[in-house]
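The structure displayed is predicted, hence computed values, not measured ones. Every number for a ligand or one of its atoms is a count from 1 in the order of the listing.
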Amino acid sequence: MIPENHPRRESLIIREKVVKALEDGYLAPQGLIAHGRGECFDYLIGEKTQEFAMKAMKAAIAMLLLAKNPVISVNGNMAALVPDDIVRLAEEINAKIEVNLFYRTLDREKKIEEVLKRAGAKEVLGVGDDASAVIPELFSERRRVSKKGIYIADVVLVGLEDGDRTEALVKMGKKVIAIDINPLSRTSQMASLTIVDNIIRVFPKMISLAKEMKKSDKDELQKIINQYNNKEILKESLRFISERMNQLSLSL
Ligand code: ATP
């Protein structure tokens with residue numbers, strides 16, 4: 001039981017969700033390590049959504065709204081942290097939802113499907129035999145994807161992803177939107193568009209943006225994408241962290 005007045009209550013509640021997902025058998029133990037790495041970067045960005053993430057989210061929603069076949073790729077961490085929001089965002093942007101795991105087992109796939117269906121998903125791709133297409137150049141079990149989903153997708157939204165798969169998807173000509181709070185990860189560097197923020201904060205904001213931006217016309221959305229430069233956003237995030245650390249060191 002986490003005390004009501006604990007200064008890091010929210011972060012501890014989130015940790016409990018991840019631990020519960022491990023106990024329920026759909027998160028691999030390595031997922032806990034990935035989560036801890038994310039917590040560390042959240043300290044560095046001040047545990048708030050910063051301007052560079054806001055700009056990236058706007059461009060991401062523009063990209064998703066203009067996509068022909070957008071897909072949200074879901075792993076154990078995402079299913080543990082934002083199951084309801086995944087389903088709500090998919091509805092807003094008309095995207096498919098596909099399970100894709102680094103440490104793939106049928107049991108874990110089915111459990112994630114169950115979590116997403118409980119959250120309201122009507123269809124969950126990538127489970128068992130549905131993942132019969134292959135992403136070239138990838139040798140992990142992650143290369144198996146759905147013919148109706150990631151294989152034919154033009155835009156794929158991923159969270160807490162690994163760099164190799166992001167690179168392989170980009171090489172297949174797909175636009176990859178990565179939610180990764182670490183601007184130095186290979187995923188962040190490889191993605192077409194990187195949202196440097198905590199996935200917990202990102203999804204609710206993307207849902208509101210999608211509701212709003214759905215009213216824009218295609219030209220306006222395209223303009224947002226044309227003006228977006230991912231390298232600049234990554235640079236901005238690194239500058240923000242270093243300036244913030246510098247200021248904090250001066251205030252000690
Ligand atoms: P890469 O190959 O991209 O360098 P990796 O495969 O070693 O990275 P993992 O440890 O699997 O990376 O973690 C995936 C990424 O997700 C990490 O960069 C981590 O900082 C990030 N991450 C962890 N928790 C969150 C979160 N809550 N929100 C956003 N990103 C997160």
Which atoms of ligand 1 sit under 4.0 Å from any heavy atom of Glu161?
3 (O), 6 (O), 14 (C)
Taking atom 30 (N) of ligand 1 as the reference point, the nearest protein heavy atom with its distance:
Ile181 N, 3.1 Å
Are more than 12 heavy atoms from other residues, nucleotides or ligands located less than 6.0 Å from atom OH of Tyr151?
no
Mind checking whether Asp180 has a heavy atom under 4.0 Å from ligand 1?
yes
Considering only heavy atoms of Ser185, which atoms of ligand 1 have at least one such atom less than 4.0 Å away?
3 (O), 4 (O), 18 (O)
Between the side chain of Thr194 and the main-chain N/O of Val196, is any donor-acceptor distance below 3.5 Å?
no
Using non-hydrogen atoms of the residue, decide whether Asp197 is closer than 4.0 angstrom to ligand 1.
yes
Between Glu123 and Lys96, is there a side-chain N and carboxylate O pair less than 4.0 Å apart?
no
Whether Gln30 lies under 4.0 Å from ligand 1, heavy atom:
no
Those residues that, when tested against Arg118, pass salt bridge (Lys or Arg N to Asp or Glu O under 4.0 Å) (two or more places apart):
Glu114
Is Leu238 isolated, or which residues cluster with it under the ILVMFWY side-chain rule of less than 4.5 Å, directly or via members?
Leu184
For residues Lys175 and Leu66, determine if any side-chain heavy atom of one lies less than 4.5 Å from a side-chain heavy atom of the other.
no
To which protein heavy atom is atom 12 (O) of ligand 1 closest, and what is the distance rounded to 0.1 Å?
Arg37 NH1, 3.3 Å
